Structure formats: C-alpha cells, structure tokens
Amino acid sequence: MSRFPRWTALAVASALLAAGCGGDSSDDKSGGLSWGRCEATSDAPAPGSDWQCATLKVPLDWSEPNGETIGLGLIRAKARGDHRAGSLLFNFGGPGASGVSMMPSYAPTVSKLRERYDLVSWDPRGVGASEGVRCRDDKEIQAAESVDTTPDTPAEEKAYFEDATAFGKGCQKDAGKLMAHVSTADSARDMDRIRKALGDDRMHYFGISYGTELGGTYAHLFPKKVGRMTLDAVVDPGADTVGHARNQARGFQRALNGYLKSTGQDPAEGTRRITDLLRRIDTRPLPTATPGRKLTQSLAVTGIILPLYSKDSWPTLTSALDTAERGDGSELLALADRYNERDASGQYGTTTHAQRVISCLDDRQRPTAAETKKLLPEFEKISPVFGRYLGWDTAGWCHGWPVPGQHDNPQVSAPGAAPVLVVGNTGDPATPYEGARRMADELGKGVGVMLTWRGEGHGAYGSGSDCVDSTVDAYLLDGSVPKDGKVCS
C-alpha cells in the first residue's frame, strides 16, 4: 500500500465493499456530525444498520483555515460495551484506500476492540467520498496496460514516459485546486479535525501500511493529542523514493524466496524459472480466456505480486504460474485484475489514482531516466523478478508531474507523545521489517514501542498470531504497554 511506487496493501488490491453516505430521519447529530444511514452504491449494498455515515467539512487549504472547504466522508459503528473508551480511527493504507468502503469488511477482525471503541474510518482527501480523484476513464486505463513498464527500447521508453505525463495531466484536469492539497500532512490535520468532531480529547488510532506514515505524521504534528496509537505493517520513514523502491524489491524477493521454499524449490532456481517466463511473456504476451486481452509482462509481474501479500494465497500463485508455463495467462491476468480493481465488466477502481496523486505531492525526489538506468543493475541484483519494474518506476511514477513534491522523508519525531505501539512482521513483503524499527526509533525514546512478529504476509494483527493480537488488544483496550522489543513467533 504508502509512497511505494505501485504495490501497496493487499486489502487495497482486493474487491471490497463500498458504501455511500447519506442521511435519513433518524440522523444522530452527536459529536458535531450529522450521522445517518450509509446508502448503497451501484457496486454494493449498504453495509447494514450497524453502520452510520457522515460528511465533515474541512479547509481545502490548511494555511487558510477559514477559506474554501471540502467534504470528508466518514463511517462508524458504535461501541457495543458499557465502558466506552472513545473512538478508534482506522486508515487501511495505500495511500488511496477508502476507509468508508473497507471498515465494514475489516470490522470482524477487530470485533474485540468494538467492545470499548466506536470503530471509525474515513476517505482521506482525494479518495472516494472525499473529493475522490479519477485520472482516466476505463478505456484509457485498459489501453495503458499495453505500455511496457520495463522498457527495453527507445520507443518503449518514450511511450512509458509519455504515458506517465498524460496520467498526471488527467489527474490535474479532474482534481483542479485539490491537486496541491492532498498531502499526508494535509490528511494528518484532517485527522485532528475528525478527532474534535468525534468529541475525543485524544487520538486513538490504528494505522496499517501507509496508514503508519500518516499516524507518524500526526504524532509529529500533534504529539500531545496522541492517545493509544498502533502502527502495523510499517513504512520506513527514513527512506526516500529510491529507498522505498529498494526496500520493496528486497521485501518482495524475500517473500518470493519464502514461497519457493514452501513448495520445495531452491529459491535461486525458482527465481530463474520465473524470470525466464517473464522474458518469454515480454517477447510474446500470453493468450487468456478473456476475449481481446493478453497477459503482458507488466500484468504478469502484478499477478505474481498479489499472492505474496498473504501466505494463505501462495497456492493460488502456484496454480497461476503452472498455468502460465503451459501457455495460458488467464490466472495471472485474473490476479492482476484483482490488484488493479478491474471487474468482469471492465470497470476499474481508482485507488491507484489517489495513491499517485497523494504520493507525488508528498515526494520531492524525481529521478531521471538516466539516473534510473544507473540504478537498474543494483535493483536487478536485489530482485531478479521485481527489481527492474521497481527501478523504472522511480522515474516513471511522478514523471512530468504538474505539482512539485513537498519533502524527501516524512517527519515522525514526536517528543512528549504517549507510547505508540509499532508492530513489525519479519516476512512483510510490501513494508519490510526494517522500517518498523526505524519508525520506533524516529518516534523517539519512550514513544516508539517495538513489537516483532516472526511471520509472513503484509501486516501482523489478525494474521494468526494470538501473541500479536492479545498484545495489541491489551494495549488498545486497557492501556497496557508491552516491553519494547517484545517478540512473537
């Protein structure tokens, strides 16, 4: 899901519930918000009577707090128990994930937390119900899938960068003035306005993937307002654009090696087999069961990435690779479509649109094509399967972007804040474990508290570890801070 070039949280890539916000005659105006029923959308029914939605007005430009406003879509389910501790705000990553859509589907995972907390999430600015940005229509998105994202010739390179520039222009045309006001810092300030509207003195927060960067930014800006904050699947706050790509190349190759070992293969030999397959696909895309669509190398890489987010999905990867080896790209294409939020009718979601708009405003670093080409040997050495893709993406992701980036690294130091629980998974492919330790250190002594899980997949909480779940629950429900450095295996 964060400032990662393309690959982000599994939940973002999955088919998700969707909910709109609307009012009815039983609106609840508590907390300064007008809460009403969540309406159905064209894609999904309403999430049920437990859920309420609202819209909160916030400044478009936080430097002009009394100026033009935008609306943020919120969703909540009230606490079930008698001893309510307040609201627990969730961000599911991306950037670009819709909290309004995802909160109901994630609620069973955190059902124990609902005993004391209202479960609350929102669509950050530029996402979904909060002035969501759409940079291309469905036909344009599908046409762009033919662009080679690891160009091998001058013609492919020219098409790659022209496509990147065109995408940025499409975003600017749709977003207008919002384009310069969707940064992580803007959303952190929105979070504090949400906290006030909910009537909470402190921010109780659960951030996943990019949501950890957002949480760290909030803690830096509002250290005295931090309540009980958990950061899981942690973004490395010390990495710039190239550093994040390097981290992901290492993380996804590490996950691929784990997968290959689980199937009885030597990781080096298995990696060679996959890279040989990808080279063949680059020369001759594979036919699929979908009329008019072939599996390109770029789609194949995306299809391989998706199952690595969860160990439970590894058998799916085995089947898809075996099918592709036999000359049929259908299964890898289906996995890539799921990641790209493409449904059976050819309609695409816009998570990656919002992701790019937010991350390119955050990131000041803009590697050139020449600089990227110098990096490619290092990236390919780190990951023969994913390195070239991620290396090129450092130059292509924000190429020709119409708005300048704001910083190289987010500021997350939070002296004086309450303890923040930082959860790192040693087998996390998208946010490698090393970033969690860096986050805990940069939050500051006495603030960042490190919890390690020796597991696989993106994220730790709700992934099968009773040790992790009970430690996080005790912290959020009772305020019990674990010893810094605790390890769950």
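If you're wondering where the values come from, they're calculated on a predicted model, not measured in any experiment.
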TODO: In sequence, state the C-alpha distance, the side-chain angles, and the governing distance for Gln248 and Phe386, and then conclude on side chain to side chain contact (heavy atoms under 4.5 Å, CB included).
DONE: CA-CA 9 Å; Gln248 282 207 311; Phe386 310 115; over 6 Å; no
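- There is a side-chain donor-acceptor pair under 3.5 Å between Asp428 and Thr431.
- For the pair Asp200 (side chain) and Ser87 (backbone), a donor-acceptor distance under 3.5 Å is present.
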Which atom pairs, donor and acceptor, lie under 3.5 Å between side-chain atoms of residues 281-289 and protein residues at least two apart or in another chain?
unit_1	atom_1	unit_2	atom_2	d
Thr283	OG1	Arg279	O	3.3
Thr288	OG1	Thr290	N	3.2
Thr288	OG1	Thr290	O	3.4
Thr288	OG1	Arg293	O	2.7

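- For the atom pair OG of Ser413 and CG of Asp441, the computed distance is 12.5 Å after rounding to the nearest 0.5 Å.
- The ring-ring contact (aromatic ring centres under 6.0 Å, His included) check on Phe206 picks up Phe90, Tyr461, with sequence neighbours excluded.
- Between the CZ atom in Phe92 and the OG atom in Ser105 there is a gap of 7.0 Å [rounded to 0.5 Å].
- Closest of all the heavy-atom pairs between Pro124 and Ser130 is O-CB, 3.5 Å.
- Side-chain N or O atoms of Thr368 include one that pairs as donor or acceptor with a backbone N or O of Glu371 at under 3.5 Å.
- Not a single donor-acceptor pair under 3.5 Å links the side chain of Arg125 to the backbone N or O of Val182.
- Between Pro237 and Gly435, the closest heavy-atom pair is CD-O, 3.9 Å.
- The distance from the OG1 atom of Thr351 to the CD atom of Gln355 is 8.5 Å, given to the nearest 0.5 Å.
- Not a single salt bridge (charged side-chain N to carboxylate O under 4.0 Å, His left out) links Glu156 to another residue, sequence neighbours left out.
- Remark: the backbone N or O of Glu213 is paired with a side-chain donor or acceptor of Thr217 at under 3.5 angstrom.
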Open item on the list: Test side-chain hydrogen bond (donor to acceptor under 3.5 Å, both in side chains) on Asp362 and Ser183; report intermediate values, then the result.
Closed with: CA-CA 6 Å; Asp362 277 351; Ser183 71; 4.5 Å; no
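- Contact detail for Gly227 and Arg202: the closest heavy-atom pair is CA-CB, 3.8 Å.
- Here the shortest heavy-atom pairing between Leu335 and Gly303 reads CD1-O, 3.4 Å.
- Taken to the nearest 0.5 Å, the NE2 atom of His407 stands 8.5 Å off from the CZ atom of Arg364.
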Open item on the list: Is there a side chain to side chain contact (heavy atoms under 4.5 Å, CB included) between Leu231 and Leu421? Walk through the geometry before answering.
Closed with: CA-CA 6 Å; Leu231 307 179; Leu421 183 58; over 6 Å; no
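- Applying the disulfide (SG to SG under 2.5 Å) definition to pairs two or more places apart or across chains, those involving residues 355-405 are Cys360-Cys398.
- In this structure, the separation between OH on Tyr339 and OG1 on Thr302 is 7.5 Å, given to the nearest 0.5 Å.
- Val127 has its side chain out of reach of Trp122: every pair of non-hydrogen atoms, C-beta onward, lies at least 4.5 Å apart.
- Distance check, rounded to the nearest 0.5 Å: OG of Ser345 to CG of Asp138 gives 7.5 Å.
- Between the side chain of Asp137 and the backbone N or O of Glu140 there is at least one donor-acceptor pair closer than 3.5 Å.
- Here the shortest heavy-atom pairing between Tyr210 and Gly94 reads CB-N, 3.6 Å.
- A donor-acceptor pair under 3.5 Å is formed between the side chain of Arg134 and the backbone N or O of Arg136.
- Taking both residues in full, the closest heavy atoms of Thr352 and Glu341 are given as N-OE1, 4.5 Å, listed atom of the first, atom of the second, then distance.
- Remark: side-chain polar atoms of Asp123 are paired, donor with acceptor, to backbone N or O of Gly99 under 3.5 angstrom.
- There is no side-chain donor-acceptor pair under 3.5 Å between Thr241 and Thr394.
- Under the disulfide (SG to SG under 2.5 Å) criterion, the residue pairs touching residues 121-196 are Cys135-Cys171, with sequence neighbours excluded.
- Residues satisfying the side chain to side chain donor-acceptor pair (under 3.5 Å) test with Thr150, not counting sequence neighbours, are Asp148, Gln297.
- Phe222 pairs by the ring-ring contact (aromatic ring centres under 6.0 Å, His included) definition with Tyr218, not counting sequence neighbours.
- The pair Arg254-Glu434 meets the salt-bridge criterion, since a charged nitrogen lies less than 4.0 angstrom from a carboxylate oxygen.
- Side-chain atoms of Asp190 and Trp62 include a donor-acceptor pair closer than 3.5 Å.
- A donor-acceptor pair under 3.5 Å is formed between the side chain of Ser298 and the backbone N or O of Thr149.
- Sorted by first and then second residue, the pairs that involve residues 378-388 and meet side-chain hydrogen bond (donor to acceptor under 3.5 Å, both in side chains), not counting sequence neighbours, are Asp152-Arg388, Arg246-Glu378, Gln253-Ser383.
- Counting only N and O atoms by type, the side chains of Ser209 and His458 include a donor and acceptor under 3.5 Å apart.
- Under a cutoff of 6.0 Å and an axis angle of 45°, Arg356 and Trp397 form a cation-pi pair.
- Aromatic ring centres of His399 and Tyr160: separated by at least 6.0 Å.
- The shortest distance between side-chain heavy atoms of Val120 and Leu88 does not fall below 4.5 Å.
- Checked against side chain to side chain donor-acceptor pair (under 3.5 Å), Lys177 has the following partners two or more places apart in sequence or in another chain: Glu68.
- In this structure, the side chain to side chain donor-acceptor pair (under 3.5 Å) partners of Ser330, at least two apart in sequence or on a different chain, are Asp328.
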Task: Steps toward side chain to side chain contact (heavy atoms under 4.5 Å, CB included) verdict (Asp192, Lys196) - done: CA-CA 6 Å; Asp192 203 56; Lys196 293 177 182 176; 3.6 Å; yes
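- With sequence neighbours left out, the salt bridge (charged side-chain N to carboxylate O under 4.0 Å, His left out) criterion links Glu131 to no other residue.
- Remark: the backbone N or O of Arg342 is not paired with any side-chain donor or acceptor of Asn340 at under 3.5 angstrom.
- Side-chain atoms of Lys311 and Tyr259, non-hydrogen and from C-beta on, never get closer than 4.5 Å to each other.
- Under the side chain to side chain donor-acceptor pair (under 3.5 Å) criterion, Ser463 pairs with no residue, sequence neighbours left out.
- Side chain of Asn425 to backbone of Gly459: a donor-acceptor contact under 3.5 angstrom is found.
- Salt bridge status for Glu442 with Arg437: absent, with no side-chain N to carboxylate O gap under 4.0 Å.
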TODO: Could you check Leu332 against Ile304 for side chain to side chain contact (heavy atoms under 4.5 Å, CB included), going step by step and ending with a plain yes or no?
DONE: CA-CA 7 Å; Leu332 279 177; Ile304 292 169; 4.0 Å; yes
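- Aromatic rings from Tyr309 and Phe252 are positioned such that their centres are separated by under 6.0 Å.
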